[in-house]
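Computation of the quantities below employed the complete heavy-atom set of this structure, encompassing side-chain atoms and omitting hydrogens, waters and symmetry-equivalent molecules. Just so you know, ligand 1 is whichever comes first in the structure, and atom 1 is the first atom listed for that ligand. None of these values were measured; they are calculated from a predicted model.
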Amino acid sequence: MFNLILFGPPGSGKGTQSSTIMKSYHLEHISTGDLLRDEVNKKTPLGVEAKKYMDQGLLVPDEVVIGMISSKIDEKAGARGFIFDGFPRTSAQAEALDKLLEFKNTGIHLVLSLEVPEHELVKRLVNRGITSGRSDDNEDVIAKRIKEYYAKTEQVASYYYQHGKLERVKGDNSIEDTFKILAKHIDKYLLPA
Ligand code: ADP
């Protein structure tokens, strides 16, 4: 198995790059944002609870997302590997993920961190809001999400750095050029399927 985390602030391109990586390397893509939005749309109890946090640009409580990830990993038991997108976002989530994967005799192999200047992030998210219809892509909530990222999520990078798994990648080149750089890192572990 090969397990990859795509890391970076909101708007850094994790979702866009994940979908190309997933196709090239035949990995299962798990995006906590997508999973949560799915629950919100279906108005499940989890979705109703999560929406309160998402609409304010705050992180959903750890136990909610960890439970969701755990069932998704079980559901895709035969996978070649996983791309985690938007998870882990806190140190507690990172530790829980290690335990979940250890239980399956595997682990995280590589963490690719997309680095994009803040003014570019805001520009991209505001533009996405015009077309995506996402209720959290408006300027007030965007500012809160970025704040939440620096307060709780950025430190997750040091956790993986200490374990020798972090690679920082410039994320404000073109989509294609960024993919090429990411692929070079992944190819050290796994060749395209
Ligand atoms: P972005 O990366 O653009 O912020 P996501 O789709 O990854 O968007 O996440 C949208 C929202 O979903 C977040 O602002 C947060 O409220 C919630 N969320 C997603 N992933 C997590 C997570 N791992 N832990 C807590 N909350 C999360």
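With 3.5 Å as the limit, one finds a donor-acceptor pair spanning the side chains of D98 and Y159. Inspection of the D136 and Y53 side chains reveals no N or O donor paired with an N or O acceptor under 3.5 Å. For the 3.5 Å distance criterion, the side chains of T90 and D62 qualify, holding a donor opposite an acceptor.
Residue K188 qualifies as enclosed at atom NZ: its count of foreign heavy atoms under 6.0 Å is above 12. The environment of K184 atom NZ is sparse: at most 12 non-hydrogen atoms of other residues, nucleotides or ligands sit within 6.0 angstrom.
In terms of protein heavy-atom proximity, atom 3 (O) of ligand 1 is nearest to R145 NH2, 2.9 Å. Annotation: atom 17 (C) of ligand 1 to nearest protein heavy atom, L36 CD1, 3.6 Å. Among protein heavy atoms, atom 26 (N) of ligand 1 sits closest to V60 N, 3.0 Å. Given atom 20 (N) of ligand 1, the protein heavy atom at minimum distance is T32 OG1, 2.8 Å. For atom 8 (O) of ligand 1, the closest non-hydrogen atom on the protein side is R134 NH2, 3.2 Å.
Counting heavy atoms under 4.0 Å from ligand 1, residue V65 touches it through the side chain alone. With a 4.0 Å heavy-atom cut-off, ligand 1 is reached by no atom of R124. Contacts between K52 and ligand 1, counted as non-hydrogen atom pairs separated by less than 4.0 Å, are absent for every part of the residue.
Clustering ILVMFWY residues whenever any of their side-chain heavy atoms sit less than 4.5 angstrom apart, transitively, puts L114 in a cluster other than the one holding Y150. In the hydrophobic clustering of this structure, L110 does not group with L166; members are Ile, Leu, Val, Met, Phe, Trp, Tyr whose side-chain heavy atoms approach within less than 4.5 Å, directly or through other members. Tracing side-chain contacts under 4.5 Å through hydrophobic residues (I, L, V, M, F, W, Y), one never reaches I21 starting from I175; they form parts of separate clusters.
Separation of atoms OG1 (T44) and CG (D38) is listed at 8.5 Å; rounding is to 0.5 Å. In this structure, the separation between CG on N3 and NZ on K165 is 9.5 Å, given to the nearest 0.5 Å.
Not a single N or O atom of Y53, backbone or side chain, sits closer than 3.5 Å to an N or O atom of ligand 1. Between D34 and ligand 1, a contact under 3.5 Å exists for no N or O pair. Of the N or O atoms in P9, none lie within a sub-3.5 Å distance of an N or O in ligand 1. The shortest N/O to N/O separation between R128 and ligand 1 falls below 3.5 Å.
A salt bridge links E115 to R168: at least one charged side-chain nitrogen sits closer than 4.0 Å to a carboxylate oxygen.
Atoms of ligand 1 lying under 4.0 Å from any heavy atom of G86, numbered from 1 in the order shown and given with element: 20 (N), 21 (C), 22 (C), 23 (N). Every atom of ligand 1 with a heavy atom of F87 under 4.0 Å away is listed here by number and element: 23 (N). Under a 4.0 Å criterion applied to the non-hydrogen atoms of Q93, ligand 1 contributes the atoms 22 (C), 23 (N), 24 (N), 25 (C). Annotation for ligand 1: atoms under 4.0 Å from non-hydrogen atoms of L58 are 15 (C), 16 (O).
Using a 4.0 Å heavy-atom cutoff, E148 is absent from the residues neighbouring ligand 1. For the ligand labelled ligand 1, residue K144 lies outside the 4.0 Å heavy-atom shell.
Distances from atom 5 (P) of ligand 1 to the heavy atoms of K152, R89, M54 put R89 nearest.
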Next on the checklist: Evaluate E75 against K72 for salt bridge (charged side-chain N to carboxylate O under 4.0 Å, His left out), listing each step before the verdict.
Outcome noted: CA-CA 5 Å; E75 205 180 288; K72 204 70 195 169; 3.1 Å; yes
